[in-house]
Every structure is written in structure tokens, then in C-alpha cells.
Novice: 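One structure, pasted below without further comment.
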Protein chains: 4
Amino acid sequence: MARPKSDDKRSAILAAAAEIFAERGLGAATSAISSAAGIAEGTLFTYFKTKDELLNALYREIKMELSSAMMSNFPRKKSVRTRLHHIWNRFVNWGVANPVSRFALAHLEVSDRLTDESKVAGSAPFAEVETLVDDAAAQRLFRNVPEELIAASLRSLASATMDLIAANPRMADQYREAGFEIFWTGVTKKR
Amino acid sequence: MARPKSDDKRSAILAAAAEIFAERGLGAATSAISSAAGIAEGTLFTYFKTKDELLNALYREIKMELSSAMMSNFPRKKSVRTRLHHIWNRFVNWGVANPVSRFALAHLEVSDRLTDESKVAGSAPFAEVETLVDDAAAQRLFRNVPEELIAASLRSLASATMDLIAANPRMADQYREAGFEIFWTGVTKKR
Amino acid sequence: MARPKSDDKRSAILAAAAEIFAERGLGAATSAISSAAGIAEGTLFTYFKTKDELLNALYREIKMELSSAMMSNFPRKKSVRTRLHHIWNRFVNWGVANPVSRFALAHLEVSDRLTDESKVAGSAPFAEVETLVDDAAAQRLFRNVPEELIAASLRSLASATMDLIAANPRMADQYREAGFEIFWTGVTKKR
Amino acid sequence: MARPKSDDKRSAILAAAAEIFAERGLGAATSAISSAAGIAEGTLFTYFKTKDELLNALYREIKMELSSAMMSNFPRKKSVRTRLHHIWNRFVNWGVANPVSRFALAHLEVSDRLTDESKVAGSAPFAEVETLVDDAAAQRLFRNVPEELIAASLRSLASATMDLIAANPRMADQYREAGFEIFWTGVTKKR
DNA sequence: AATGAATGAGCTTTCATTCAT
DNA sequence: GATGAATGAAAGCTCATTCAT
């Protein structure tokens, strides 16, 4: 083989795309991305046939990153609360540590350019969370609310928490813990 | 003035813009908007000097709409819970009843094209909510969490609730009530 | 109406396109055409939505030109020989007088970018020639050759004649007359 | 030389080029050619420095092929009619048997990318035809027409004949014979 | 010599904005 | 003020050619 397609270059493009998209939205020019990645305009298209393909690849990549950040060292045997807390912390910490990915993801998620395959692939790694919620529901830990509202609440409260931390990083620990308490108390039965 | 700029036309443009932006994102062409508004391409620019000006005007308009939807018949004298419940219900109902505005707003809020003035103007009408939260804090109703997390939780939980209702409108009442309970329980002190 | 689309400009584009295509083939850039037509690059596309649309319009225009050149003052009542001679002369003279159209047409005819509609529209004006050949066949003027070979011979001999005239314009009259004699003698019965 | 440039590969490229150009015109990408030839994109350029060089080589190759098809077993001693008939038949049969070469050649001949050298080289093998025509002229076989019109008529009528055969292969023999009769009768003196 | 990734000029087309009518 | 044609600067993408391997 001649020069093989380099994984480095592919990664550089994805990283540059995340940065540019996070900053300027998906309308940003591919030329901005290639130049940020330090490659020629045409080279981008040997790694991703179209801009949409790049978009979808980036989405899946970020989702995988996030999922592995959330799921590494997952305390599968511990209590529901511990497991949810683990997920919450990892999620929030990931968002705080990776604002670029987070913003890029936000843009990607509201766009209409993700294929169904990407959406499926992107949500697959979160199956564990579903199981967890099912589990808890079986244990009758939750208040009498539709199950899907539980997961949605976790996601949305975590996002709100990340925003606050981004605005005021010094308060990170307090926001993160308080956020989880709101979620947990809101969602579980009173005792 | 011979022919004064017509408020009708201005409104038509804003309505068309909301629809088009909701559907296609902010990248949509101004020509799509003018044609949806039933006016000539050039006419749009006598009402809004640039596309960004239109964007910002639309943002402020939607925010005002939302704010007045939330604040009409506000039970200023009633309990904190009643008042928050009022806001919650109005907010969620508005989002459900005005999906176009809601989606347009979502696009606008993640864009980098809103001026600081717009952001300020857009949040001003929500001052009442702040006051309300202050009030409640003074009454020591809330659990020991940073105050700004309260408002953020309300917003984000309400958004999540709207999404669920949009996906499954028959469950509207259940989602709305359950959502509020999660918020209220999560945020107030245990008794 | 504001500035109405001008027929002048449309014609200028078609003329420029003929010139450029004749010279460089259909691969020539649209920007070369717009600049030759004295308009901005974008303006071309308000008159022709795509390059292919321009191509097809040009084809039909040239075919119409040619057809009206051939058919004006057509001696409908005269002998078959006179009528064929008329067509021959008009065809050859048109080609000699309009080399740009002729070359552009040559490029267009071998391209795979003409729609079926264009091909039909382009051949329609030549129905008269068909009729003429049918007529002559009915009169048993032609030698025992497939009818379609008659028309094909006329076309191809005329083209060859035009090429020779283009290479040596002073011989125009001789080539034209000699060409017709070859055609007529080749195609009709010996007496 | 370690690995000499292979004639096989050169031929494969020319064959692939003929096929691709016949089908899509000269605008076709060199990458399509290299892939059809089963070689790498870059390899094409070790055999032909530029696309234009390939174009010109292909033109000459096809012309040589055609010429040798026409001239093999040439009945040098037979009558002018027999010799012209031989050429005619070989020419037409070649075109029918090698549509790819024929179409590629058609594209090449109208392009402006052939060098003068190529044009000269391409016409050289047809010197024999010239001689033949000279010969016949000396014998006063031809009608009183410019000599160059004779060769041009042969070429153009043969092309027209090939087109008809391509459209209706079952009629091949009839078209070929009738075509020749038109040519011969058209061009020679009446008796 | 062979490979195919890398390059960047060039292509067609879109679009916010201007301006003649 | 209203209109929509005119503008030209991008945009995404292609492709002949180069060059590291």
C-alpha cells in the first residue's frame, strides 16, 4: 500500500469538526474544518465522502466517547442509587471536561441530518441506563410517574447542571451533587 | 409617509420565519421565508435589514409571547407552589400548543447569532420567576441547593416534558403533572 | 414588476454559450459563458436553472434556427429535385454562415445530456423533410435503397460539404453544387 | 530496469479509456479509467504523462487499428471499384464490430485536444485511399467534382451507414451495400 | 514500477443583499 | 414601499496530477 489512510488524520478531522461545529454550528464550512485539521480541502473528502457523512461519524464518535466515559467502572452490583449516581457523575463530568464535544453534540442532535442508523447506533450504548431504570421500577423505587420521564429527567437535569458548571466552574462539585439530589429526590418515593 | 411599513407584513414575515426555521433550521434561505410570507424577496429587507436582525427579532418575539402566556392571570397572591405550578403549566402548555415557536426557539437558543441585547431582552420577562424563587428561598421552602439550579431545573424539566408530550400527546396531562411533581419534590424540603 | 427578465440577456447567454461550447466543448465552465455574456456568474442561473437546462435550451434554439433557415421560402409546389435542392442549399449555407451554431450543435448532438423532450422537439421541425422523402419514394424516384438511408445521406453529405467549405471558403459554390449532385445522382434512379 | 513498463498494462489502459470515453465522453475521470483497467490511479500517469497524452495515444491507436482493418488483404491489383468497395466494406464492418472504438473516435475527433502531430499521424495511414482516388481521377472515372469531396463523401456516407446499422443490425448487409451504391453512383460518371 | 492518499484549482450552484424599475 | 432580477462571494465537491511509501 502507498501512504495508508491515517487514523491520526481521521481523528484530526473529527476533532477539528467538533471544534468548528461547536463554535459555529453545522453550517460551518468544510474548508474551515480542513484548515483547522491542517489538511487540504480535498483531503477531508477522502476520509468522509460528504459533509453529512462526517456529521454522522462525528455524532457516533461522540456518543461512543460519552458512553464509555459513563460506563467505565460501572458498579453493576451496587444499589440503584449508587449506579444512577455513578452515571450522573460521569455524565456531568464528561460534559464539563469536554465542552466542545458537548456543544457539537447539541448541534448534531437538533439537526435533521442524522440518519436513522446513526440515531440507533448512538442510542445503543445507553441500553444499560434503560435496564437500570427498568430494574429500579421493578423494585418500586420510583414514584408513580411514567418511566420514560425518569430517563428524560436525568438527561435534562444533567444538561442544566453542566450549563451551570460551565458558567461557574468553581461550583462544580456543589452543582453536581445538588443536581443529583434534585433528580433522586424528585424521582423516588418519599420515605 | 406614502405607504407605511405594514405591521401585518412584519408579522407575516416573523410567522413565516418561525415556521421555516423550525422546520429547516437557521440555515434556511431568506427567499423561502419571503415566499412563505407571500412577499417579494427584497421586501423582507425593508422590514429587517439583515437576516441576523430578523433572527434576533424573532427570538425576542417568541420570548415575549411565551412570557405573556406564562404570566397572564398569574396568581400573584397565592402560595409559592401554586404560583410555580401556574408557571409550569403555562410553560408546558405553551410549548405543546406552539411547537413551531418552540422549535424555532430551540434553534435560536443554540445559535451564536443572538446579540447580547437580545439575550438580555429575552430573559427580562422572566424576572418574575426569579422573584418567585427568591421569595421561596426566603421562606426556606427549598432544599439546600444553589438558587440558580432551581430555575434551571424548572426550565429543563419542562422542556423534557414538552418533548415527551410531543411524542405522545395523549399522555399530555399525565406527563405535565408528573413532571411538576418531580420538580417540586426534587426541589423542596422533605417534610 | 421590477426589472423584468430581459429577452436580450437570455439571448446573450445563449449566444455566449454557443460560442464557448463550440470552441471548448460542453465541458466549458458556466463562468466562461456568463463572463462572455457580460453578466454575473449567478445571473446565468436566473435564466437557466442548471447547466443542463441551458444545454437543452441551446439545442432547441439552434434546431429552430436551422429549421427556419431551411424552410423559409420552401417551394412546396415544385419538383422533388427542386425542393431537395432548396433544402440542401439552405442547410449548407446555414452551416457555412453559422459555424458557431454548427459546432455547438455537433457537440450537443453527441452528448448524453439532451432530454428526450429536447430530442423530440429538435427533430419535429424536420418533419417536412420526411414528407418530402416519402413523396419522392411514392413517385419511385429513388433507387432501391432503404428510405432512411436517403435522409441520412443528405445529412452526412451536407455536413461533409460544410467542412470542406469551412476549410476553403472560396470553393463554396463549387462544393455545394458538386455535393448536391453526388447526393442526387447517388440516390435517384439512373435514366 | 527492475520492472519494465508493461505493454499489457498500457493496452489495458487504452482499452479501458476507449470504453469509458465512448460511454461518457472525454469529460470522464481518469480514475474511472484506471479502475476499469484494474490499476491504481497513479499508475495511469506512469504510462501517459497527462490525460491529453492518453487521449492522443488512444486516437492514434484507434486510427491504426482502423487502418489495418481496412487495408489488410487490400486487392491492390484489382479495379478501382473493387478496391473502393473493399475499403468501404472493411470500414463499415470495422465500425459495426467495434462500436466502442467508433464512439471513442467520434468524441476524440470533435475535441480540441488532439495535437497537430496526432492529426497528421492519424490521417497518414489513409494515404492509400488518397492514392486510390488519385488513380481513379487519372482514369477519369469520377464525375466532375473536386477530388477532396470524393474522400469526404466516402467517409461521411460510411459513417451514416454505420449509424443505421447500429440502430438496426439485422439490416447490416442491405445498408452496407445500398450505401456503397449511393456512393459509387453518386461519384462516378454516368454511362 | 506500483500504489493510493494528498493536493488545491476549479466546478456548478446557492443565497443574502442591492438596486433599477 | 414593493418588486424580483442582478450580483458575487461562498459553499460542497471533483479531479488531474504529485509524491511518500
Side-chain angles (χ1 to χ4, degrees), chain A residues 1-6 9-10 27-35 37-54, chain B residues 1-6 9-10 27-35 38-55, chain C residues 1-6 9-10 27-35 37-54, chain D residues 1-6 9-10 27-35 38-55:
Chain A
M1 224 186 315
R3 248 174 302 187
K5 264 193 252 192
S6 103
K9 215 160 276 180
R10 198 188 132 92
T30 53
S31 64
I33 295 168
S34 46
S35 111
I39 56 165
E41 287 186 35
T43 302
L44 188 150
F45 294 94
T46 73
Y47 288 84
F48 304 94
K49 267 202 290 293
T50 64
K51 190 183 186 184
D52 271 21
E53 198 175 302
L54 168 58
Chain B
M1 266 166 291
R3 238 183 301 178
K5 287 196 234 179
S6 108
K9 226 160 260 182
R10 199 187 131 91
T30 53
S31 66
I33 295 168
S34 47
S35 115
I39 58 164
E41 285 184 43
T43 304
L44 189 151
F45 293 90
T46 72
Y47 288 85
F48 304 94
K49 263 205 295 290
T50 66
K51 190 183 186 183
D52 272 19
E53 196 175 304
L54 167 58
L55 246 51
Chain C
M1 228 187 314
R3 251 176 298 187
K5 265 193 252 193
S6 103
K9 214 158 278 180
R10 200 190 129 92
T30 52
S31 65
I33 295 169
S34 47
S35 111
I39 57 167
E41 288 187 35
T43 303
L44 189 150
F45 294 92
T46 73
Y47 287 85
F48 303 95
K49 266 202 290 293
T50 64
K51 191 183 185 182
D52 271 20
E53 198 175 302
L54 169 58
Chain D
M1 264 166 291
R3 238 182 304 179
K5 285 195 235 180
S6 109
K9 225 160 263 183
R10 199 189 130 91
T30 52
S31 66
I33 295 168
S34 47
S35 115
I39 57 162
E41 286 184 44
T43 303
L44 189 150
F45 293 91
T46 75
Y47 289 85
F48 304 94
K49 263 205 294 292
T50 66
K51 190 183 186 181
D52 272 19
E53 198 176 302
L54 168 58
L55 247 49

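Here is how names work: the chains are called A, B, and so on, in the same order as the sequence lines, proteins then strands, and each is numbered from 1. Model, not experiment: these values are computed from the prediction.
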Novice: Nearest 0.5 angstrom please: D/I33 CD1 to D/L54 CG, how far?
Specialist: 5.5 Å
Novice: Quick one: on DNA chain F, does A/E41 or B/I39 contact a more 5' nucleotide (nearest heavy atom)?
Specialist: B/I39
Novice: Atom NZ of B/K51 to atom C1' of E/dT14: distance rounded to whole Å?
Specialist: 11 Å
Novice: In whole angstroms, how far is the P atom of E/dG4 from the CZ atom of D/F45?
Specialist: 15 Å
Novice: Mind checking which stems touch DNA chain F? I mean at least 3 consecutive Watson-Crick or G-U pairs, both distances under 3.5 Å.
Specialist: E:2-21 with F:2-21
Novice: On DNA chain E, check which nucleotide each of A/Y47 and C/A28 is closest to and give me the residue with the more 5' one.
Specialist: A/Y47
Novice: When you measure from the side-chain N and O atoms of C/T43 to the phosphate of F/dT7, is any distance below 4.0 Å, counting only OP1 and OP2?
Specialist: yes
Novice: So, taking the atom named OH in D/Y47 and the one named NZ in D/K9, what distance separates them when rounded to the nearest 0.5 Å?
Specialist: 5.0 Å
Novice: What do the steps show when you test A/S34 against A/F45 for side chain to side chain contact (heavy atoms under 4.5 Å, CB included), and what is the final call?
Specialist: CA-CA 10 Å; A/S34 46; A/F45 294 94; over 6 Å; no
Novice: Return no unless some side-chain N or O of D/T46 is found under 4.0 Å from OP1 or OP2 of E/dA2.
Specialist: yes
Novice: Select from A/D52 and D/A29 the residue whose nearest nucleotide in DNA chain F is closer to the 5' end of that strand.
Specialist: A/D52
Novice: Take the protein atom CG of B/L55 and the nucleotide atom P of E/dA16, then report the distance between them rounded to whole Å.
Specialist: 11 Å
Novice: Just N and O in the side chain of C/K9: are any of them under 4.0 Å from OP1 or OP2 of F/dA5?
Specialist: no
Novice: In whole angstroms, how far is the C1' atom of F/dT17 from the CG atom of D/L54?
Specialist: 14 Å
Novice: Using 0.5 Å steps for rounding, measure from the OG1 atom of C/T43 to the CZ atom of C/R10.
Specialist: 15.0 Å
Novice: Can you measure from CD (C/E41) to OG (C/S31) and round to the nearest 0.5 angstrom?
Specialist: 5.0 Å
Novice: Rounded to the nearest 0.5 Å, how far apart are CG of D/L44 and OG of D/S35?
Specialist: 11.0 Å
Novice: Can you measure A/K5 atom NZ to F/dC19 atom C1' for me and round it to whole angstrom units?
Specialist: 18 Å
Novice: Rounding to a whole Å, what distance do you find between C/I33:CD1 and F/dG8:P?
Specialist: 18 Å
Novice: Provide, to the nearest angstrom, the distance between the CZ atom belonging to D/R10 and the P atom belonging to E/dA2.
Specialist: 13 Å
Novice: Specify the residue among D/L44 and A/A40 whose closest nucleotide of DNA chain E lies further upstream toward the 5′ end.
Specialist: D/L44
Novice: Would you tell me if any nitrogen or oxygen in the side chain of C/K49 comes within less than 4.0 Å of OP1 or OP2 on E/dT12?
Specialist: no
Novice: To the nearest 0.5 Å, what is the distance between CZ on D/F48 and CG on D/L55?
Specialist: 10.5 Å
Novice: Report which part of the nucleic acid A/T50 touches: base, sugar-phosphate, or nothing (heavy-atom distance under 4.0 Å, all strands).
Specialist: sugar-phosphate
Novice: Would you mind reading off the distance between A/E53 atom CD and F/dC13 atom P, rounded to a whole angstrom?
Specialist: 10 Å
